[in-house]
Amino acid sequence: MGKPEVRYDDQSVRMGSVDFFADFGDGYINLGALNDAKLVVTRKIKKLKWSNREQAPRTRITEAKFSAKLFQIKFDVLSQIDGLGEVSKVAGTKQTDTFVLNAWEAAAGQVVILPHKNANDTNVTIKTVTYDKDGANTVWSANTHYSLVNINGDTGIVFKNAVDKKVEIVYEYTPNAVKKIVYKNIMKSQKLSRFKFVNTNEYGKNLTIEFPKGYQSGEALELNFLNDDDNEEGIGVDVEVTAFPLVDGTVLNIIDEQDPE
């Protein structure tokens, strides 16, 4: 990838493809790749003029803002960026599922993987296996009519004979725990963190823009759920980070490995 252009003015400076890093207090973590990334540095120019001569204008940076679209977002990480979501972990609870095999969908000795699995990768618990479901409704027994195998944590059922009539399998499983993020309409202090945005060219050289201190300044949480046939994968979320000045006035650092001069 060619080197992106960076200018100190009021214009949008597009960065191309960029990796997004954040430090919430324990060192930088990579939040993923960004699309449509751009840096906007806003400055204010003040011209000084006396009656007998004109002074050189004074310039100061008033704001540095980085915006992009982040894909494959982890919602618990997103809550750390804006400091709004309350994250908790909810243990998986036992579930019951019914799986139906139609006639001739399984040969004798063939492994049929059940759709759901236990979080600890052990075999699921078979409740009933009913042969000729809605017909004779014959109950089949483990080891006599079928056996179970475990393939990389998935439970497979192997029938002793070909399934020549419909078979219903009822089983129990305990899924993985889930993360729950709760957003509330209460006023909270914005979280300040360290951010950096790294563009890597085809030679492996980086152009890094770092906000020593910044905050998520976007006013809306906008999620873009993509269709299966889209070129980009995952859920896209618009992120906007604004630099917060340090005591010495620093708002951003640019570290350029791509310029050979």
Side-chain angles (χ1 to χ4, degrees), residues 19-20 26 29-33 35 69-81 84-184 221-237:
D19 280 325
F20 182 31
D26 299 314
I29 59 174
N30 192 337
L31 304 185
N35 272 354
K69 189 181 295 294
L70 176 64
F71 288 90
Q72 299 293 359
I73 183 68
K74 293 182 178 179
F75 287 95
D76 55 331
V77 174
L78 181 63
S79 71
Q80 288 183 280
I81 295 176
L84 295 178
E86 298 175 359
V87 182
S88 61
K89 194 171 184 179
V90 180
T93 57
K94 187 176 291 185
Q95 306 287 323
T96 300
D97 186 50
T98 299
F99 181 66
V100 176
L101 273 174
N102 293 311
W104 305 112
E105 285 189 335
Q110 177 183 348
V111 178
V112 178
I113 300 296
L114 297 177
H116 300 287
K117 59 183 290 185
N118 283 326
N120 61 4
D121 289 338
T122 60
N123 280 338
V124 301
T125 302
I126 301 295
K127 302 294 290 181
T128 59
V129 176
T130 305
Y131 170 73
D132 194 14
K133 177 65 178 173
D134 300 326
N137 288 333
T138 303
V139 176
W140 273 3
S141 304
N143 300 320
T144 301
H145 299 99
Y146 67 89
S147 60
L148 298 181
V149 295
N150 190 292
I151 302 177
N152 298 323
D154 290 315
T155 301
I157 186 167
V158 182
F159 295 99
K160 305 293 184 179
N161 300 302
V163 175
D164 58 349
K165 294 184 180 181
K166 185 167 69 172
V167 174
E168 180 190 80
I169 305 162
V170 180
Y171 63 99
E172 291 180 340
Y173 68 98
T174 303
N176 290 317
V178 297
K179 292 176 183 176
K180 183 178 180 181
I181 301 95
V182 178
Y183 288 87
K184 299 180 180 179
L221 174 61
E222 182 176 340
L223 302 179
N224 301 280
F225 295 88
L226 303 180
N227 297 323
D228 291 339
D229 57 354
D230 281 344
N231 293 328
E232 296 157 334
E233 296 180 355
I235 299 173
V237 58

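Remark: the backbone N or O of Asp121 is paired with a side-chain donor or acceptor of Asn150 at under 3.5 angstrom. Between the Thr98 side chain and the Val170 main chain, no donor and acceptor come within less than 3.5 Å of each other.
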Q: Please lay out, stage by stage, how Lys166 and Val100 fare under the test side-chain contact (heavy atoms from CB on, under 4.5 Å).
A: CA-CA 7 Å; Lys166 185 167 69 172; Val100 176; 3.5 Å; yes
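With rounding to the nearest 0.5 Å, the separation of CD in Glu86 from NZ in Lys180 is 10.5 Å. To the nearest 0.5 Å, the span separating CD on Glu172 from NZ on Lys94 amounts to 5.0 Å. With rounding to the nearest 0.5 angstrom, the CG atom of Asp134 is 12.5 Å from the NZ atom of Lys165. Rounding to the nearest 0.5 Å places OH of Tyr131 at 15.0 Å from CD of Glu168. Taking OG1 of Thr174 as the reference point, atom NE2 of His116 lies at 12.5 Å (rounded to 0.5 Å). Rounded to the nearest 0.5 angstrom, Asp164 CG and Phe159 CZ are separated by 11.5 Å.
Between Asp19 and Ala33, the shortest heavy-atom distance links the atoms OD1-CA, 3.6 Å. Considering every non-hydrogen atom in both Ala177 and Ala91, the closest pair reads CB-CA, 3.9 Å.
Side-chain atoms of Asp154 and Leu114, non-hydrogen and from C-beta on, never get closer than 4.5 Å to each other. Val167 has its side chain out of reach of Thr130: every pair of non-hydrogen atoms, C-beta onward, lies at least 4.5 Å apart. Using a 4.5 Å heavy-atom threshold, the side chains of Leu31 and Ile29 count as touching. Residues Leu148 and Ile126 are in side-chain contact: their nearest non-hydrogen atoms beyond the backbone lie under 4.5 Å apart. Counting only heavy atoms from C-beta outward, the side chains of Thr155 and Ile113 never approach each other to under 4.5 Å. Side chains of Ile157 and Ile169 form a contact here, defined as non-hydrogen atoms less than 4.5 Å apart.
Scored by the side chain to side chain donor-acceptor pair (under 3.5 Å) test, Gln95 finds Thr93 as partners (sequence neighbours excluded). Shown here are the side chain to side chain donor-acceptor pair (under 3.5 Å) partners of Lys179, two or more places apart in sequence or in another chain: Asp76. Taking Tyr146 as the reference, nothing meets the ring-ring contact (aromatic ring centres under 6.0 Å, His included) condition, with sequence neighbours excluded. Looking at residues two or more places apart in sequence or on another chain, you find a side-chain contact (heavy atoms from CB on, under 4.5 Å) between Thr122 and Asn118, Asn120. A search for side chain to side chain donor-acceptor pair (under 3.5 Å) contacts involving Asn30 returns nothing, not counting sequence neighbours. Residues that satisfy the side chain to side chain donor-acceptor pair (under 3.5 Å) test with Tyr171, not counting sequence neighbours, are Asp97.
No side-chain donor from either of Asn123 and Tyr173 sits under 3.5 Å from a side-chain acceptor of the other.
Screening Val129, Asp132, Asn161 for a side chain to side chain contact (heavy atoms under 4.5 Å, CB included) with Trp140, the sole residue that qualifies is Val129.
Other residues, nucleotides and ligands contribute only 12 or fewer heavy atoms inside 6.0 Å of the CG atom of Asn152.
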